[in-house]
Amino acid sequence: MKRFKSLWDRLLFRDKGIIPTKKLLLLYSLFILAILVLSVWQFSWLFLALTTILAISLLTIDIFLLPKKEEMIVERMLESEMERYQKETVSISIQNLTSDNYMVRLKDGIPETFQTIFPSSQPVASEHKTMITYDVFPQRRGKFLIDSLYLRFKSKLGLWERQITYNLPTEVKVIPNLSEAKRYLASAQNYLLHEGIKIRKMRSGGVGEFSKVRSYVVGDDPRKINWRQSAKLQEMMTNEYEPEHGKYVTILIDCGRMMGVELKEGNRLEKTIEAAITLATAALHNGDHIAVIAFSKEIKAVVPAGRGLEHLDIILQTIYAIQVDAQESNYALALQHAQSIQHKRSMMLLFSDVQTFVNEDHHLFYLKKLRKKHLFVMMGIEDQLLHQKIKMKPSNAILAMEKSVAQKQYLHQKQVMKKWEKHGLPMLEAPADRLAVTTVSHYIETLNRGML
């Protein structure tokens, strides 16, 4: 049994050893077939013996021509940090110290959550360093260990393959997807203005710090025209203001059971973390202070308030590996902890499941106390299945009933959300792919209105 397991391991790219190729198995099958055909007639047993000895000699010589482990210097090169759902390239360097050319195929010990296709047989030139690359697509956040690299070198005659295992332990961190944050940093104005087919203009009220003087364009507030500069330059100029810097924002990320609901790409927690990182990027880029708390039944991770884009790396390294817990969330604990670490007035933004949160009235007690000092906002992801049920055209009684129940549930949720908003506790929902831009837009609008 142990021998069979060892043989099976070798066939599955495990451990080390020498295995026959498809070419050898084909030739062997043809040889047996020829013997069976010749056995019908009389033939020389001496010829058969000589043929067998010659074949065994060729097989033995071909085995000895296989490379040894110490004759190949192998290295793996890849990034220590990868973004979820972003293509990354892994490079394998093989330095052939022998004077022979070989064909090699490989399999790397990457985690199952990394989608990839390994390259087919590649030539390895004699006394030369060969680079073999393949792409990976990480599907899950966290810390992963990539250890064994399995190489199979084909013999000169192509009858045997020697499998050599190289232990190359490499630790890789898969962090949240930062594409939304990068889009914001590339052009904050475009990121905020273009929300699908609807174009929203940032409010530019009188509250804020003076930024610069620029040329007047149609639509600017006439009250902000800089008459002194206009007269000096003989061109209409206007003052531009930006929100005051140095505000405090506290992000609370729910990691409880309801955040594990699957979406088209990942789950609710994945999209929530990406939105939280984008908001943190916008606030830090704006000069504000950011604190982050991740929680479920207990506090999972805490990042004290800090400012500057270098603080973003601290946030990433703290929360990149948090996962969903199969437990109900303790909102009271999270809100109390947030108040204990944030003594200054701040915007406390809770990412959670709105439907679950609003149906528990006892949360209202803690939030009424919290809003006396802090500005509370809750962000959630829309229930796409519920909206699909509402929009569908029922073709039978069962579908009509499902649509009716969905509409009733939706109206009840909106009524409860309005009740919370009357207490000064706004709650917003957005589609999963618009959560980040909706959150950042609300943050900028809050600053421009001078509410923080």
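Please read all numbers here as calculations on a predicted model, not as lab measurements.
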Would you say His343 and Lys373 make side-chain contact, with heavy atoms under 4.5 Å?
yes
Working to the nearest 0.5 Å, report the span between NZ of Lys69 and CE of Met72.
13.0 Å
Partners passing ring-ring contact (aromatic ring centres under 6.0 Å, His included) against Tyr443 (at least two apart in sequence or in another chain):
none
Beyond-backbone contact of Phe118 with Val90, side-chain heavy atoms, under 4.5 angstrom:
no
Thr446 side-chain N/O to His442 backbone N/O, donor-acceptor pair under 3.5 Å:
yes
Not counting sequence neighbours, list each pair that qualifies as a salt bridge (charged side-chain N to carboxylate O under 4.0 Å, His left out) and has a residue in residues 310-325.
Lys300-Asp325
How about Met401: does its CE atom have over 12 heavy atoms from other parts shown lying under 6.0 Å from it?
no
Tell me if the NZ atom of Lys344 is crowded by more than 12 foreign heavy atoms within 6.0 Å.
no
So, Tyr134 and Asp108: side-chain donor and acceptor under 3.5 Å apart, yes or no?
yes
What I want to check is whether the side chains of Gln122 and Thr130 have a donor and an acceptor closer together than 3.5 Å.
no
So, are Glu274 and Arg84 salt-bridged, with charged N and O less than 4.0 Å apart?
yes
Run the numbers on Arg257 and Glu328 for salt bridge (Lys or Arg N to Asp or Glu O under 4.0 Å), then give the verdict.
CA-CA 6 Å; Arg257 179 178 60 87; Glu328 298 298 333; 2.7 Å; yes
Output yes when a side-chain donor or acceptor of Arg307 lies under 3.5 Å from a complementary backbone atom of Ile290, and no otherwise.
no
Determine yes or no for a side-chain-to-main-chain donor-acceptor pair under 3.5 angstrom, with Lys173 supplying the side chain and Tyr320 the backbone.
no
Yes or no on side chain to side chain donor-acceptor pair (under 3.5 Å) for Asp254 and Ser329, after CA distance, side-chain angles and deciding distance?
CA-CA 7 Å; Asp254 181 8; Ser329 301; 2.4 Å; yes
Report the distance from atom CG of Leu309 to atom CG of Leu284, rounding to the nearest 0.5 Å.
6.0 Å
Are the side chain of Thr113 and the backbone of Gln139 linked by a donor-acceptor contact shorter than 3.5 Å?
no
Do Lys154 side-chain atoms and Trp160 backbone N/O form a donor-acceptor pair below 3.5 Å?
no
Test Tyr184 against His285 for side chain to side chain contact (heavy atoms under 4.5 Å, CB included), laying out the working first.
CA-CA 10 Å; Tyr184 178 87; His285 186 258; 4.2 Å; yes
Checking side chain to side chain contact (heavy atoms under 4.5 Å, CB included) for the pair Asn167/Ser148: CA distance, chi angles, key distance, verdict?
CA-CA 5 Å; Asn167 294 320; Ser148 299; 3.4 Å; yes
Taking C-beta and beyond as the side chain, do Leu149 and Thr165 meet within less than 4.5 Å on heavy atoms?
no
Any side-chain donor-acceptor pair under 3.5 Å between Thr170 and Arg76?
yes
Are there over 12 heavy-atom neighbours, none belonging to Gln327, within less than 6.0 Å of that residue's CD?
yes
Could you check whether any side-chain N or O of Arg152 sits under 3.5 Å from a backbone N or O of Val104, counting only pairs where one atom can act as donor and the other as acceptor?
no
Start with the C-alpha gap between Arg434 and Glu382, add the side-chain angles, then the distance that decides, and say whether salt bridge (Lys or Arg N to Asp or Glu O under 4.0 Å) holds.
CA-CA 10 Å; Arg434 307 300 300 170; Glu382 287 182 353; over 6 Å; no
Ignoring hydrogens and geometry beyond distance, is a side-chain donor-acceptor pair present between Asp135 and Thr89 at under 3.5 Å?
yes
Any non-hydrogen side-chain atom of Val249 less than 4.5 Å from a side-chain atom of Ser346?
no
Given the rule in the side chain to side chain contact (heavy atoms under 4.5 Å, CB included) test, do Ile277 and Ile273 qualify, once you have shown the distances and angles that lead to the verdict?
CA-CA 6 Å; Ile277 292 296; Ile273 291 176; 4.3 Å; yes
Looking at CG of Leu425 and CE of Met348, how far apart are the two atoms once the value is rounded to the nearest 0.5 Å?
12.5 Å
Do you know the tightest heavy-atom contact between Ile293 and Ala338?
CD1-CA, 3.5 Å
What are the two closest non-hydrogen atoms of Val261 and Met258, and how far apart are they?
CG2-O, 3.2 Å
Presence of salt bridge, Lys182 and Glu83, under 4.0 angstrom:
yes
Under the ring-ring contact (aromatic ring centres under 6.0 Å, His included) test, residues paired with Tyr248 that sit two or more places apart:
His289
Quick one: list whatever passes ring-ring contact (aromatic ring centres under 6.0 Å, His included) with Phe114, sequence neighbours left out.
Phe144
Keeping Glu270 on the side-chain end and Pro176 on the backbone end, is there a donor-acceptor pair under 3.5 Å?
no
Whether the side chain of Asn267 engages the backbone of Glu262 through a donor-acceptor N/O pair (distance < 3.5 Å, no angle test) should be reported.
no
Which of Thr438, Leu350, Ile251 passes side-chain contact (heavy atoms from CB on, under 4.5 Å) with Met379? Answer is Thr438
Just checking, is any N or O donor in the side chain of Glu81 or Gln317 under 3.5 Å from an acceptor N or O on the other one?
yes
Could you check whether any side-chain N or O of Thr21 sits under 3.5 Å from a backbone N or O of Gly158, counting only pairs where one atom can act as donor and the other as acceptor?
yes
To the nearest 0.5 Å, what is the distance between CG on Leu97 and NE2 on His128?
13.0 Å
Before giving the answer on side chain to side chain contact (heavy atoms under 4.5 Å, CB included), spell out for Ile381 and Glu429 the whole-Å C-alpha distance, their side-chain angles and the decisive distance to 0.1 Å.
CA-CA 5 Å; Ile381 296 176; Glu429 281 190 315; over 6 Å; no
Point-to-point distance, once rounded to the nearest 0.5 Å, from OG of Ser215 to CE of Met236:
11.0 Å
Whether over 12 other heavy atoms sit under 6.0 Å from Lys68 NZ:
no
List the steps, then state whether side chain to side chain donor-acceptor pair (under 3.5 Å) holds for Ser179 with Tyr85.
CA-CA 10 Å; Ser179 57; Tyr85 283 161; over 6 Å; no
Within a radius of less than 6.0 Å around CD of Glu70, do more than 12 heavy atoms belonging to other residues, nucleotides or ligands occur?
yes
All heavy atoms of Ala321 vs all of Gly142, minimum pair found to be CB-CA, 4.0 Å
Non-neighbouring partners of Phe137 that pass ring-ring contact (aromatic ring centres under 6.0 Å, His included), sequence neighbours left out:
none
Which heavy-atom pair separates Ser91 from Thr133 by the least distance, and what is that distance?
OG-CG2, 3.5 Å
Can you name the residues that form a salt bridge (Lys or Arg N to Asp or Glu O under 4.0 Å) with Asp353, not counting sequence neighbours?
Arg268
State, to 0.1 Å, how close Ala334 and Leu252 come at their nearest heavy-atom pair, and which atoms those are.
O-CD2, 3.7 Å
Rounded to the nearest 0.5 Å, how far does CG of Leu269 lie from NZ of Lys271?
12.0 Å
Atom of Ala301, atom of Thr318 and distance for their closest heavy-atom approach:
CB-CG2, 3.9 Å
